[in-house]
Amino acid sequence: MDASLHSAAPAENFNGNAAEQIAPPLQPPGTDMTGICFRDQLWINSYPLDRNYVFDYFALSPFYDITCNNEILRRRSVHPLDHSQLSNMTGLEYVISDATEPNFFVFRKQKRDGPEKVTPMLTYYILDGTIYQAPQLCSVFAARVGRAVYNISNAFSAAASKLETIRQVDAKSQNEPSESKPASETVDLKEVKRVDLILKSLYSKLPPAPPPPPFPEGYVSQEALGEKEEELGTQGGETQQPQIDPIIDQGPAKRMKF
């Protein structure tokens with residue numbers, strides 16, 4: 001009984017057409033597969049990488065989801081990238097968004113809900129025969145921010161260590177007794193005599209200083225005024241107080257009013 005059930009199970013999936021035979025269910029690829037890549041050198045040596053064969057090469061990789069609409073077209077012997085056929089279907093599909101044959105191809109995995117309504121999901125690219133998954137934008141931002149924070153923290157750590165070293169050096173220099181400096185430097189008498197001879201020779205070469213100009217008529221020097229005041233003080237026996245300036249010494253409140 002168990003043997004009959006085991007033999008009848010595959011007969012239900014076989015309809016006489018090998019192209020339309022249902023493939024065994026496979027687990028779809030994961031969302032984040034940026035840590036792996038795929039390359040089949042034997043296939044690259046056998047077939048050219050162009051728009052006609054590149055999808056067959058991509059279907060060999062673990063990034064390929066066998067439940068996509070492209071796989072249905074392959075089973076119908078239709079080119080898997082036929083846009084006229086894919087636009088009339090709904091579900092997951094792969095399209096080539098950019099290509100530079102034979103070195104660079106970009107595949108976009110998207111969900112189609114209508115002829116003009118698609119939602120991008122993931123992006124893959126083939127570079128010189130190696131297939132990669134492009135990282136998502138949030139992963140790129142997270143990696144860049146993490147790297148920036150790491151570099152900033154290292155910079156602060158280095159600055160803190162240098163400041164600590166400077167602080168220790170300053171504390172050590174303050175604790176050490178200062179070296180006593182000599183109170184007076186020794187004077188070389190020969191050098192002093194030599195400088196005096198040089199100054200005397202230079203002074204003898206200079207012309208004599210001209211006489212001072214005469215004072216103008218009626219000008220009395222401060223020295224003459226001082227001598228005159230001293231003579232008057234000695235003669236009178238009392239010192240005369242200086243004359244008070246009515247503007248400076250009395251102030252504006254004590255000025256005479258006319």
A.B. asks: Please tabulate, one pair per line, all N/O donor-acceptor pairs under 3.5 Å involving side-chain atoms of residues 190-197, not counting sequence neighbours.
C.D. replies:
| residue | atom | partner | partner atom | Å |
| --- | --- | --- | --- | --- |
| Glu191 | OE2 | Arg194 | NH2 | 2.5 |

A.B. asks: Only counting residues at least two apart or in another chain, list the ones meeting ring pair (Phe, Tyr, Trp, His ring centres under 6.0 Å) with Phe58.
C.D. replies: Tyr94, Phe107, Tyr124
A.B. asks: Among Ser61, Pro62, Cys37, which residue satisfies the side-chain contact (heavy atoms from CB on, under 4.5 Å) criterion with Ile131?
C.D. replies: Ser61
A.B. asks: How far apart are the C-alpha atoms of Leu81 and Val95, what are their side-chain angles, what is the distance that settles it, and do they pass the side chain to side chain contact (heavy atoms under 4.5 Å, CB included) test?
C.D. replies: CA-CA 6 Å; Leu81 297 176; Val95 296; 5.5 Å; no
A.B. asks: Go through it in stages, so that I can follow the logic: the residues are Phe55 and Phe105, the test is side chain to side chain contact (heavy atoms under 4.5 Å, CB included), and I'd like the CA-CA distance, side-chain angles, deciding distance and then a yes or no.
C.D. replies: CA-CA 10 Å; Phe55 189 86; Phe105 298 88; over 6 Å; no
A.B. asks: Applying salt bridge (charged side-chain N to carboxylate O under 4.0 Å, His left out), name anything that partners Asp40, two or more places apart in sequence or on another chain.
C.D. replies: none
A.B. asks: Less than 4.5 Å apart, any side-chain heavy atom of Asn69 and any of Leu73?
C.D. replies: no
A.B. asks: Which pair of heavy atoms, one from Ser204 and one from Ser201, lies closest together, and at what distance?
C.D. replies: OG-O, 2.7 Å
A.B. asks: Which heavy atom in Tyr57 sits nearest to a heavy atom in Ile44, and how many Å separate them?
C.D. replies: OH-CD1, 3.5 Å
A.B. asks: If every non-hydrogen atom of Trp43 is compared with every non-hydrogen atom of Leu49, which pair is closest and at what distance?
C.D. replies: CZ3-CD2, 3.9 Å
A.B. asks: Heavy atoms only: give me the nearest Asn70-Pro80 pair and the separation to one decimal.
C.D. replies: ND2-O, 2.6 Å
A.B. asks: Applying salt bridge (charged side-chain N to carboxylate O under 4.0 Å, His left out) as the test, list every pair that has at least one member in residues 128-153; sequence neighbours left out.
C.D. replies: none
A.B. asks: Taking it one step at a time, do Glu71 and Tyr64 satisfy side chain to side chain contact (heavy atoms under 4.5 Å, CB included)?
C.D. replies: CA-CA 10 Å; Glu71 184 65 22; Tyr64 182 67; 2.6 Å; yes
A.B. asks: Pairs under 3.5 angstrom only: tabulate donor-acceptor contacts from the side chains of residues 113-123 to other protein residues two or more places apart or in another chain.
C.D. replies:
none

A.B. asks: Please set out all donor-acceptor pairs under 3.5 angstrom arising from side-chain atoms of residues 85-93, sequence neighbours excluded.
C.D. replies:
| residue | atom | partner | partner atom | Å |
| --- | --- | --- | --- | --- |
| Ser87 | OG | His83 | O | 3.0 |
| Ser87 | OG | Ser84 | O | 3.2 |
| Asn88 | ND2 | Ser84 | O | 3.0 |
| Glu93 | OE1 | Arg112 | NE | 3.1 |
| Glu93 | OE2 | Gln110 | NE2 | 2.7 |
| Glu93 | OE2 | Arg112 | NE | 3.0 |
| Glu93 | OE2 | Arg112 | NH2 | 2.9 |

A.B. asks: Can you see which heavy atom on Ser46 is nearest to which on Leu42, and at what distance?
C.D. replies: OG-O, 2.9 Å
A.B. asks: Minimum heavy-atom separation for Asp32 and Thr34, please, with both atom names.
C.D. replies: OD1-OG1, 2.9 Å
A.B. asks: Is Val106 isolated, or which residues cluster with it under the ILVMFWY side-chain rule of less than 4.5 Å, directly or via members?
C.D. replies: Phe104, Tyr125, Leu127, Tyr132
A.B. asks: Which residue pairs pass the salt bridge (charged side-chain N to carboxylate O under 4.0 Å, His left out) test with at least one member in residues 41-52, sequence neighbours excluded?
C.D. replies: Arg51-Glu101
